[in-house]
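By convention in this document, chain letters (A, B, ...) are assigned in the order of the sequence lines, proteins followed by strands, and residues within each chain are numbered from 1.
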Amino acid sequence: MLDIQTLRSDIQSVEKRLESRGFSLDVAYFQKLEADRKKVQTATQELQAKRNAASKSIGMRKAKGEDASDIMAEVSNLGEELKQNEARLEEIQGKMQEFLLSIPNLPHESVPFGQSEADNVQLKRCGHPKDFGFEVRDHVSIGEGLSMLDFETASKIAGSRFTLMKGPLARLHRALSQFMLDLHTSEHGYVEVYVPYMANSDSLRGTGQLPKFEEDLFSVSNGYYLIPTAEVPVTNMVRGEILDRESLPLKFVAHTPCFRSEAGSYGKDTRGMIRQHQFDKVELVQVVHPERSYHALEELLNHAEEVLRRLELPYRVVTLCTRDIGFSAAKTYDIEVWLPAQNTYREISSCSNFESFQARRMQARFKSEGKNELVHTLNGSGLAVGRTLVAIMENFQQEDGSVVIPEALRPYMGGVGVIYP
RNA sequence: GGAGAGGUGGCAGAGUGGUCGAAUGUACCUGACUCGAAAUCAGGCGUAGGCGCAAGUCUACCGAGGGUUCGAAUCCCUCCCUCUCCGCCA
């Protein structure tokens with residue numbers, strides 16, 4: 001959520017900055033709403049003040065045993081008018097809130113301007129795609145060749161876009177999340193957290209999934225939603241809190257399953273486990289002092305990259321352009337891993353600074369010299385586990401259909417160095 | 001699932017219709033005393049928002065949402081959460 005004060009004071013520049021990400025701000029609507037609000041709120045508060053004063057003097061007279069029927073008659077006439085004003089004010093404020101919740105974040109000045117995904121800027125490229133010397137297979141072919149990846153059974157159990165893994169491949173999947181958690185907790189200073197896999201609508205509103213993106217979520221009974229990312233439960237840990245300045249930065253890492261309905265992506269990545277309704281992810285979340293958030297973003301990116309370096313996977317980092325950054329983000333780096341079978345780089349992590357956008361929705365603040373100030377929040381995948389598994393299968397495949405285990409993972413695999421069919 | 005108790009300011013804890021945004025204690029901040037500290041004394045000390053150049057002033061908030069009333073922390077209704085005991089379960 002943007003600060004309503006900046007909309008009041010300088011809506012033109014807000015409009016302009018939002019335009020760069022393809023969002024057209026309804027300035028006239030805002031100004032109309034704001035004018036109405038001002039008028040009705042002032043009137044309502046005046047009536048309330050009048051009523052309060054009258055009621056107070058009734059109380060004072062009654063305490064002295066005096067008659068107060070004249071004031072009571074007077075103030076009872078206020079009732080209807082006040083009620084109407086209050087209802088009208090509530091309506092306007094509701095509309096204003098809805099309007100504010102639907103506006104995306106302002107892109108940071110360092111975000112490259114662009115019209116589409118094609119305008120994202122490659123920041124760096126690390127590692128070298130291997131020269132295989134044989135016809136590479138994709139992870140589906142490799143996994144099924146190993147008899148360890150079974151989409152048919154998964155769809156029998158649940159439906160399309162689910163995965164079933166068996167044996168050493170399932171273990172490799174588990175090894176990956178263990179490895180990532182250990183790296184981030186022991187070397188990068190994150191505190192491991194275990195969190196609910198369902199969240200309420202307040203939480204989803206806090207991080208920006210609601211109200212705009214409900215169709216991407218799975219909802220269950222009792223008003224719960226399955227989390228689409230650990231970002232939701234972890235970031236919402238600080239919702240409504242006033243933190244000590246000294247406690248910042250907070251750095252959390254969580255391994256959770258993520259559930260996404262992937263509405264509107266039918267026909268995209270239908271083969272394999274690239275785009276699933278359920279996938280595991282290790283998520284990094286930081287809650288920081290506003291002055292430190294861009295430094296923290298670089299640090300966070302580096303933490304995610306480190307996973308790929310240790311796994312010896314070739315990757316590149318791109319800075320998303322204004323048109324491609326997500327709704328809540330001010331700036332985002334995507335890390336893309338090399339997938340030889342697709343002969344391209346595919347997203348495996350997204351690291352974003354949300355500045356105060358989520359914090360304002362969540363009312364997450366810290367005390368600074370007696371004043372309350374909004375924190376900045378960041379998160380990044382460190383990494384998407386399923387896609388990392390895909391990357392390992394494809395980058396470490398051998399001609400006979402076996403898959404070599406990267407050195408860093410072998411302690412987690414009971415010393416196994418190669419997975420054979 | 002059954003029975004009971006309860007949700008008030010950072011914490012503790014009073015307040016069952018009226019000068020209550022809320023006593024008191026404690027923590028914290030400022031000042032006085034002190035060489036300094038402790039103790040003591042005095043003052044300050046919640047959140048969100050409106051109006052205003054400002055000083056300031058007004059409004060809302062006592063788990064959430066409705067209702068009754070001139071007036072609600074206090075009465076009524078619905079919901080949520082926490083705790084204790086029992087049952088069940090991993």
Atom pairs, N/O to N/O, protein against nucleotides 81-83 of chain B, distance under 3.5 Å?
none

Identify the pairs formed between an N or O of the protein and an N or O of nucleotides 48-55 of chain B at a distance under 3.5 Å, and give each distance.
unit_1: B:A48; atom_1: OP1; unit_2: A:Arg365; atom_2: NH1; d: 3.1
unit_1: B:G49; atom_1: O2'; unit_2: A:Gln41; atom_2: NE2; d: 3.4
unit_1: B:G50; atom_1: OP1; unit_2: A:Arg8; atom_2: NH1; d: 2.2
unit_1: B:G50; atom_1: OP1; unit_2: A:Arg8; atom_2: NH2; d: 3.0
unit_1: B:G50; atom_1: O4'; unit_2: A:Gln41; atom_2: NE2; d: 3.2
unit_1: B:G50; atom_1: O3'; unit_2: A:Arg37; atom_2: NH2; d: 2.8
unit_1: B:C51; atom_1: OP1; unit_2: A:Arg37; atom_2: NH2; d: 3.4

All N/O pairs under 3.5 Å across the protein-nucleotides 17-22 of chain B interface:
unit_1: B:G18; atom_1: O6; unit_2: A:Lys62; atom_2: NZ; d: 3.3
unit_1: B:G18; atom_1: N2; unit_2: A:Ser55; atom_2: O; d: 3.0

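When the C1' atom is compared between B:G18 and B:A72, the two are found 10 Å apart, to the nearest whole Å. Here the separation of B:C45 from B:G56, taken at their P atoms, is 12 Å to the nearest Å. The same atom, C1', is picked in B:G10 and in B:G87; the two are 39 Å apart, to the nearest Å. For the P atoms, the distance from B:G65 to B:A60 is 14 Å, rounded to whole Å. With both ends at atom C1', the span from B:C58 to B:U69 equals 23 Å, rounded to whole Å. Distance check on atom C1': B:A48 versus B:G9 gives 15 Å, rounded to whole Å. Here the separation of B:C11 from B:C28, taken at their P atoms, is 15 Å to the nearest Å. Using atom C1' as the reference point in both B:C62 and B:U74, the two lie 10 Å apart (nearest Å).
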Secondary-structure notation, RNA chain B, from Watson-Crick and G-U pairs under 3.5 angstrom (| other strand): ((((((((.[[[..)..(.....]]].(((((.......))))).((((((....)))))).[[[[[..)....]]]]])))))))....

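When all heavy atoms of A:Leu248 and A:Val287 are compared, the pair lying nearest together is CD2-O, 3.7 Å. The two residues A:Leu204 and A:Pro228 make their nearest non-hydrogen contact at CD2-CD, 4.1 Å. Taking each heavy atom of A:Phe99 and A:Ile103 in turn, the nearest pair found is O-CG1, 3.3 Å.
Scanning for side chain to side chain contact (heavy atoms under 4.5 Å, CB included) contacts around A:Ala329 gives A:Thr332, A:Ser352, A:Phe354, with sequence neighbours left out. In this structure A:Glu74 satisfies the side chain to side chain contact (heavy atoms under 4.5 Å, CB included) test with no other residue, sequence neighbours excluded. Evaluation of the side chain to side chain contact (heavy atoms under 4.5 Å, CB included) rule for A:Phe259 yields A:Phe218, A:Leu226, A:Pro257, A:Gln278 as partners, not counting sequence neighbours. For A:Phe279, the side chain to side chain contact (heavy atoms under 4.5 Å, CB included) partners at least two apart in sequence or on another chain are A:Cys258, A:Arg260, A:Lys281.
When rounded to the nearest whole Å, the span between NZ of A:Lys367 and P of B:C45 equals 12 Å. Note: CE (A:Met362) to P (B:U47) measures 18 Å, nearest angstrom. Taking atom CG of A:Leu89 as the reference point, atom C1' of B:U59 lies 10 Å away to the nearest angstrom. Here B:C28 presents its P atom at 13 Å from CG of A:Asp244, a figure rounded to the nearest Å. B:A72 atom C1' lies 15 Å from atom CD of A:Gln48, rounded to whole Å. Look at CZ on A:Arg239: it is 18 Å from P on B:G63, rounded to the nearest Å. In this structure, A:Leu82 atom CG and B:G71 atom C1' are separated by 12 Å, rounded to whole Å. Nucleotide B:G66 holds its C1' atom 11 Å from the CD atom of A:Glu90, rounded to whole Å.
The phosphate of B:A60 has OP1 or OP2 within less than 4.0 Å of a side-chain N or O from A:Asn52.
Residue pairs meeting the salt bridge (charged side-chain N to carboxylate O under 4.0 Å, His left out) criterion with at least one member in residues 407-416 of chain A, sequence neighbours excluded, are A:Glu407-A:Arg410. Note on residues 141-159 of chain A: pairs passing side-chain hydrogen bond (donor to acceptor under 3.5 Å, both in side chains), not counting sequence neighbours, are A:Arg137-A:Ser141, A:Asp150-A:Thr153. The salt bridge (charged side-chain N to carboxylate O under 4.0 Å, His left out) analysis of residues 7-17 of chain A, with sequence neighbours excluded, yields the pairs A:Arg8-A:Glu34. Listed by first and then second residue, the side-chain hydrogen bond (donor to acceptor under 3.5 Å, both in side chains) pairs that reach into residues 180-196 of chain A are A:Asp182-A:Tyr412, A:His184-A:His188, A:Glu187-A:Arg310, A:Tyr190-A:Gln286, A:Tyr190-A:His303, sequence neighbours excluded.
Of the inter-residue distances, the one linking A:Arg387 atom CZ with A:Leu383 atom CG reads 11.5 Å to the nearest 0.5 angstrom. Note that the CD atom of A:Glu241 and the CG atom of A:Leu250 stand 10.0 Å from one another [nearest 0.5 Å].
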A:Phe213 and A:Phe327: CA distance, side-chain angles, deciding distance, ring-ring contact (aromatic ring centres under 6.0 Å, His included) verdict: CA-CA 10 Å; A:Phe213 306 100; A:Phe327 179 78; 5.3 Å; yes

Audit row: A:Glu109, A:Lys331, salt bridge (charged side-chain N to carboxylate O under 4.0 Å, His left out) steps and yes/no: CA-CA 9 Å; A:Glu109 56 188 15; A:Lys331 182 172 188 175; over 6 Å; no

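Of the two residues near RNA chain B, A:Glu46 and A:Val75, the one whose nearest nucleotide lies more 5' is A:Glu46.
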